[in-house]
Amino acid sequence: MPESAAELEQRAERAIRRGELHAALALFDELIALAPDDERIRQRRESVRALLQPAELSTGHRPEPDEPEPAPAADRTLTDAEQGELHASAGRFLEALRCYERALAAAPDNQLVRERLEELRELAPPGGRADLASAEQLPAPASAHAPPRSAARSTKVADASFAPIGGQAAPLPRDPVKMLEALLERIRAGRRDASTRA
């Protein structure tokens, strides 16, 4: 008894979960043969196919971790664009940029190379040296041997606010409690003076 489309789809999804992508692709091919107009199945098949590495597409099986990648043909050298992609995939964006610049010089009408070159320009770190001649000149910091500055305004204001009203007062003690007592005594003395004048 042939399987229904629902059963085939379930088997394909189970194969995907197990990592058996080629088996899943074969099951999706059977599903497409049963329902050639089902766009959902076609899209799902393409999404599974996109998970395969290029080596898996050509050999039909997933390379084992210790299995070497198939070597490129010895008689075929890499183009500048291919070399650029190798550099870009390794994170060497400046080298990739140079390769793509050579590829664009060889084929100036190639729009794909031009677009990839623009992408790489955004990824590459700035490589040029800074133009120090046109840089803004900042004033030099004050030297350590500069003459001392006058007291800040806030210090002068603080001294004036605690100055005695009637003349020169004794300096305030450093102990906070004694300082507070001295300040309160100055305030009381100022009030007594003000009340005697009135």
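What you are looking at is a predicted structure, and each value in this text was computed from that prediction instead of being measured. Throughout, numbering of the chain's residues begins at 1 and tracks the sequence. Just so it is clear, the values below take in all heavy atoms, side chains as well, and ignore hydrogens, waters and symmetry mates.
- Taking CG from Leu8 and CD from Glu13, the interatomic distance works out to 12.0 Å, rounded to the nearest 0.5 Å.
- A distance of 14.5 Å separates CG in Leu123 from CZ in Arg92, rounded to the nearest 0.5 Å.
- In this view, Arg14 and Gln10, Arg11, Arg17, Arg18 satisfy the side-chain contact (heavy atoms from CB on, under 4.5 Å) rule, not counting sequence neighbours.
- Partners of Ile187 under the side-chain contact (heavy atoms from CB on, under 4.5 Å) rule, at least two apart in sequence or in another chain, are Arg191.
- In the hydrophobic clustering of this structure, Phe93 does not group with Leu78; members are Ile, Leu, Val, Met, Phe, Trp, Tyr whose side-chain heavy atoms approach within less than 4.5 Å, directly or through other members.
- Nearest heavy atoms, Val113 versus Leu104: CG1-N, 3.8 Å.
- Annotation for Ala24 and Ile16: closest pair CB-CG1, 3.6 Å, computed over non-hydrogen atoms.
- Atom-to-atom distance recorded for Cys99:SG and Leu120:CG is 9.5 Å, nearest 0.5 angstrom.
- With contacts defined as side-chain heavy-atom distances shorter than 4.5 Å, the pair Glu95/Gln83 does not qualify.
- With values rounded to the nearest 0.5 angstrom, Leu112 atom CG is found 11.0 Å from Arg114 atom CZ.
- Among all heavy-atom pairs drawn from Ala88 and Ala96, the shortest one is N-CB, 3.7 Å.
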For Lys178 and Glu181: C-alpha separation, side-chain torsions, deciding distance, then whether salt bridge (charged side-chain N to carboxylate O under 4.0 Å, His left out) applies. CA-CA 5 Å; Lys178 296 202 183 288; Glu181 289 172 352; 5.2 Å; no

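- Residues satisfying the side-chain contact (heavy atoms from CB on, under 4.5 Å) criterion with Glu185, sequence neighbours excluded, are Arg188, Arg192.
- The stretch residues 30-42 participates, sequence neighbours left out, in these side chain to side chain donor-acceptor pair (under 3.5 Å) pairs: Glu9-Arg40.
- Applying the side chain to side chain donor-acceptor pair (under 3.5 Å) test to Arg121 and every residue at least two apart in sequence or in another chain returns Glu118.
- Taken to the nearest 0.5 Å, the CG atom of Leu97 stands 11.5 Å off from the NE2 atom of His87.
- Leu180 and Leu172 end up in different hydrophobic clusters when Ile, Leu, Val, Met, Phe, Trp and Tyr side chains are linked at under 4.5 Å.
- By the rule that hydrophobic residues join a cluster once side-chain heavy atoms approach within less than 4.5 Å of another member, Leu21 and Ile32 end up as members of one cluster.
- Pairing each heavy atom of Leu31 with each of Ala5, the nearest pair is CD2-O, 3.2 Å.
- There is no path of hydrophobic side-chain contacts, each under 4.5 Å, that joins Leu86 to Tyr100.
- For Glu122, there are no side-chain contact (heavy atoms from CB on, under 4.5 Å) partners two or more places apart in sequence or in a different chain.
- Taking CG of Asp29 as the start and CZ of Arg45 as the end, the distance is 4.0 Å to the nearest 0.5 Å.
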